[in-house]
Engineer: 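The structure under discussion is supplied below as structure tokens; questions concerning it will follow.
Each chain gets a letter, A, B and so on, in the order its sequence line appears, and its residues count up from 1. Hydrogens, waters and symmetry mates are skipped; everything else that's a heavy atom, side chains included, is used. Please read these numbers as outputs of a predicted model, since none were measured by experiment.
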Number of protein chains: 2
Amino acid sequence: MPDTAPAPSTRDRLIQTAMKLFWEKGYGSTSVADLLQAAGVNSGSLYHFFPGKQDVLLAVLDAYRDGIGPMLLAPAWQGVDDPIERVFALLARYRLGIVQTDCGYACPIGSLALEIHEPDPPVRKALAANFNAWTDAIEACLVAAGPRLPRSLDRRELARFVLTTMEGGVMQARTHRDVAYFDSSVRQLRLYFDHLEREAADKPSRAKAPRKRPTSRGTK
Amino acid sequence: MPDTAPAPSTRDRLIQTAMKLFWEKGYGSTSVADLLQAAGVNSGSLYHFFPGKQDVLLAVLDAYRDGIGPMLLAPAWQGVDDPIERVFALLARYRLGIVQTDCGYACPIGSLALEIHEPDPPVRKALAANFNAWTDAIEACLVAAGPRLPRSLDRRELARFVLTTMEGGVMQARTHRDVAYFDSSVRQLRLYFDHLEREAADKPSRAKAPRKRPTSRGTK
DNA sequence: GCATGACTTGATTGATCGTTCAACCAAGTC
DNA sequence: GACTTGGTTGAACGATCAATCAAGTCATGC
């Protein structure tokens with residue numbers, strides 16, 4: 001099997017090209033003509049598959065969401081099993097994106113979320129679904145961390161805080177054209193996690209076995 | 001003295017109107033025609049004062065920066081003296097903006113920072129200057145907190161983290177149309193601060209006077 | 001062989017975009 | 001009372017925008 005790419009359909013080509021262009025230039029700054037040219041498609045074909053530009057955006061947002069697992073988490077977590085280290089491995093993945101784009105990186109979801117000021121309900125929901133998929137994955141890590149985090153700690157809330165850290169860090173790194181601003185936020189988040197782990201270790205969950213911290217720390 | 005508003009000049013009117021429109025609708029989605037109509041100005045006048053639309057943006061960004069003190073910090077900090085509480089009073093101010101706009105609020109700087117994907121250098125610098133003004137103010141609070149925070153803690157880094165928390169929280173609250181997402185991030189930041197203060201209290205600064213926490217929570 | 005339906009083609013539409021420009025106005029200045 | 005200066009007016013321009021549509025292609029079923 002020489003090629004694994006079985007000639008993507010016109011529709012898929014449009015979506016994939018739009019994923020790239022919306023990410024690079026934003027939704028409003030990507031004209032339909034840009035998309036058509038980059039995808040090698042005529043306008044009639046686009047409007048055969050999609051009622052309008054916004055429907056392309058919806059398809060793109062669905063594709064982003066579906067890609068979070070295979071395209072983002074899978075490579076980020078390769079060889080990383082410790083659930084807490086997975087949180088920071090994901091953030092490290094974003095850091096990689098930042099340096100690789102010379103600090104031009106922006107989270108496509110975050111960018112679109114702030115760019116679209118009066119989003120139609122379906123667009124807003126699609127953006128929210130992306131954030132949910134992201135935080136759900138992090139929340140699963142935090143739940144898997146079990147007694148290493150304080151019992152009373154709201155895992156879902158902390159997961160949202162991790163997303164906050166990523167988005168805020170990316171935004172500042174981009175604006176200042178300096179990864180250091182991203183690193184600052186991640187480092188502070190790490191310090192917070194350290195405190196949480198210490199707190200959990202000091203006063204263990206309940207009457208359960210007061211076992212020590214897991215020895216395999218897993219990070220580099 | 002019946003009126004304190006001395007009939008703003010055309011230029012000022014343009015800038016103030018643009019501040020409002022760019023904030024509400026974004027830069028790209030605000031057409032020059034929108035701006036002209038809202039400000040009650042003819043196109044020729046705009047181009048008499050500004051070479052182009054982007055120069056209006058630059059003036060707006062400068063105005064934002066100059067307004068951080070009097071328009072944002074002053075009301076947020078009214079009656080709040082404790083430096084750490086000031087940090088959270090500012091965040092509470094943003095919360096107010098969120099609920100008042102029915103979760104439609106977006107930080108104008110953050111929005112613009114993510115909307116403008118390939119900013120000309122002056123625009124990028126103006127955005128960065130806004131972020132700097134913001135974090136400088138927070139950093140001053142954290143420095144003023146003195147021994148209540150760990151000696152080794154990098155105040156500037158934590159200040160950036162506070163900005164990160166605000167931007168990420170605003171972004172999620174807006175996307176989900178639910179303040180709870182903002183509250184989540186702020187609450188986590190508060191927990192982090194609690195840990196930091198406890199750490200600083202446990203192992204006081206150095207061999208200095210092991211004095212207790214300052215009794216008067218008021219700083220200034 | 002021919003009708004059907006899915007898909008493609010690309011010129012074209014009308015709206016809107018940022019910007020330009022010649023004419024105009026009012027208050028000083030000589 | 002002519003000249004200058006700083007500002008205003010609003011029609012107009014070309015570019016670009018998202019969207020349309022009549023005509024064409026092509027595989028399939030009958």
Side-chain angles (χ1 to χ4, degrees), chain A residues 5-61 111-112 115-124 126, chain B residues 5-61 111-112 115-124 126:
Chain A
S9 73
T10 300
R11 205 187 114 98
D12 290 344
R13 199 148 21 104
L14 281 170
I15 293 179
Q16 287 175 20
T17 309
M19 286 174 76
K20 180 169 173 286
L21 290 182
F22 290 169
W23 175 68
E24 287 174 359
K25 322 184 5 170
Y27 174 69
S29 299
T30 300
S31 72
V32 174
D34 290 338
L35 174 55
L36 294 173
Q37 191 187 356
V41 168
N42 292 97
S43 63
S45 293
L46 188 151
Y47 289 97
H48 173 74
F49 292 107
F50 302 98
K53 188 187 178 188
Q54 179 174 292
D55 302 272
V56 178
L57 174 61
L58 287 173
V60 163
L61 288 174
S111 291
L112 290 170
E115 178 188 348
I116 322 272
H117 274 65
E118 281 152 6
D120 286 46
V123 173
R124 214 215 75 240
Chain B
S9 73
T10 300
R11 204 188 113 99
D12 290 343
R13 200 148 21 104
L14 281 170
I15 293 180
Q16 286 175 21
T17 308
M19 286 174 77
K20 180 170 173 285
L21 290 182
F22 290 170
W23 176 68
E24 286 174 359
K25 322 185 5 170
Y27 174 69
S29 299
T30 299
S31 71
V32 173
D34 290 337
L35 174 56
L36 294 174
Q37 190 186 354
V41 167
N42 293 97
S43 63
S45 292
L46 188 151
Y47 288 96
H48 172 73
F49 293 107
F50 302 98
K53 189 187 178 190
Q54 179 174 294
D55 302 272
V56 178
L57 174 61
L58 287 173
V60 163
L61 288 174
S111 291
L112 291 170
E115 179 188 346
I116 321 273
H117 275 64
E118 281 152 4
D120 286 45
V123 174
R124 214 214 75 242

Engineer: Given atom CG of L35(B) and atom P of dC17(C), what is their separation to the nearest angstrom?
Structural biologist: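 My rounded result for the distance is 12 Å.
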Engineer: Between dG24(D) atom P and H48(A) atom NE2, what is the distance in whole Å?
Structural biologist: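 Taking atom P of dG24(D) as the reference, NE2 of H48(A) is at 19 Å.
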Engineer: Grab the two heavy atoms, one from G28(B) and one from E115(B), that are nearest each other, plus how far apart they are.
Structural biologist: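 Shortest heavy-atom separation between G28(B) and E115(B) comes out as N-OE2, 2.6 Å.
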Engineer: Using the rule given for side-chain contact (heavy atoms from CB on, under 4.5 Å), can you reason through H48(A) versus T10(A), listing the C-alpha separation, both sets of side-chain angles and the distance that settles it, and then say yes or no?
Structural biologist: CA-CA 10 Å; H48(A) 173 74; T10(A) 300; over 6 Å; no
Engineer: Could you give the distance from CD1 (I15(B)) to CZ (F50(B)), rounded to the nearest 0.5 Å?
Structural biologist: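 Result: 4.0 Å between the selected atoms.
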Engineer: Nearest whole Å is fine: how far is dT20(D) P from D55(A) CG?
Structural biologist: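 Whole-Å distance recorded here is 11 Å.
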Engineer: Looking only at side-chain atoms of F49(A), point me to the closest of dT8(C), dG18(C), dG7(D).
Structural biologist: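 So the side chain of F49(A) is nearest to dT8(C).
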Engineer: Taking the side chain of K53(B) as its heavy atoms from C-beta onward, which of dG18(C), dT9(D), dA6(C) lies nearest to it?
Structural biologist: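 Selected nucleotide (nearest to the side chain): dG18(C).
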Engineer: Out of L57(B), L21(B), V123(B), which residue meets the side chain to side chain contact (heavy atoms under 4.5 Å, CB included) rule with Y27(B)?
Structural biologist: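 By the side chain to side chain contact (heavy atoms under 4.5 Å, CB included) criterion, Y27(B) pairs with just one of L57(B), L21(B), V123(B): L57(B).
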Engineer: Please round to 10 degrees the angle between the axis of the first five pairs and the axis of the last five pairs in the helix from dG1(C)-dC30(D) to dC30(C)-dG1(D).
Structural biologist: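 That helix gives 20° between its end axes.
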Engineer: Let's see if you can work this out: which of dA19(D), dG18(C), dC17(D) has an atom nearest to the side-chain heavy atoms of Y47(B)?
Structural biologist: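 The listed nucleotide nearest to Y47(B)'s side chain is dG18(C).
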Engineer: Please check the phosphate of dT8(C) (OP1 and OP2 only) for any side-chain N or O of N42(A) closer than 4.0 Å.
Structural biologist: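 Checking dT8(C) against N42(A), no side-chain N or O comes under 4.0 Å of OP1 or OP2.
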Engineer: Does dT16(D) have OP1 or OP2 under 4.0 Å away from a side-chain N or O of S31(A)?
Structural biologist: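 Indeed not, no polar side-chain atom of S31(A) lies that close.
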Engineer: In whole angstrom, what separates Q37(B)'s CD from dT16(C)'s P?
Structural biologist: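 About 12 Å, once rounded to whole Å.
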Engineer: Under 4.0 Å from OP1 or OP2 of dT8(C): is there any side-chain N or O of T10(A) that close?
Structural biologist: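 Answer is yes, contact under 4.0 Å.
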Engineer: For the pair made of CZ in R11(B) and P in dT8(D), what is the distance, rounded to whole Å?
Structural biologist: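 Roughly 12 Å, once rounded to whole Å.
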Engineer: Considering residues, nucleotides and ligands other than K20(A), do more than 12 of their heavy atoms fall under 6.0 Å from its NZ?
Structural biologist: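 Incorrect, the count does not exceed 12.
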Engineer: What's the CG-P distance between D34(B) and dG18(C), to the nearest Å?
Structural biologist: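 Rounded to the whole Å, the gap is 8 Å.
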Engineer: Given the rule in the side-chain contact (heavy atoms from CB on, under 4.5 Å) test, do S111(B) and H117(A) qualify, once you have shown the distances and angles that lead to the verdict?
Structural biologist: CA-CA 9 Å; S111(B) 291; H117(A) 274 65; 4.0 Å; yes
Engineer: Is the phosphate of dG18(C), meaning OP1 or OP2, less than 4.0 Å from a side-chain N or O of S43(B)?
Structural biologist: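 Looking at the OP1 and OP2 atoms of dG18(C), neither is under 4.0 Å from any side-chain N or O of S43(B).
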Engineer: Send over the distance from L14(A) CG to dC7(C) C1', rounded to a whole Å.
Structural biologist: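 Rounded to whole Å, this separation is 12 Å.
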Engineer: Between G28(A) and G44(A), name the one whose nearest nucleotide on DNA chain D is closer to the 5' end.
Structural biologist: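 That would be G28(A).
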Engineer: Might you work through the side-chain contact (heavy atoms from CB on, under 4.5 Å) test for L61(B) and L112(B), ending with a clear yes or no?
Structural biologist: CA-CA 10 Å; L61(B) 288 174; L112(B) 291 170; 3.8 Å; yes
Engineer: Heavy atoms only, 4.0 Å cut-off, all strands: where does V32(B) land among base, sugar-phosphate and nothing?
Structural biologist: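 Touches a base.
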Engineer: Is S29(A) touching bases, backbone alone, or none of the nucleic acid, heavy atoms closer than 4.0 Å?
Structural biologist: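 No contact at all - S29(A) keeps every heavy atom at 4.0 Å or more from the nucleic acid.
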Engineer: Taking NZ in K53(A) as the centre, count heavy atoms belonging to other residues, nucleotides or ligands within less than 6.0 Å. Is the count above 12?
Structural biologist: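 Atom NZ in K53(A) is packed in, count exceeds 12.
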Engineer: dT16(D) P sits how many Å from L36(A) CG, rounded?
Structural biologist: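 Checked: the CG to P distance equals 15 Å.
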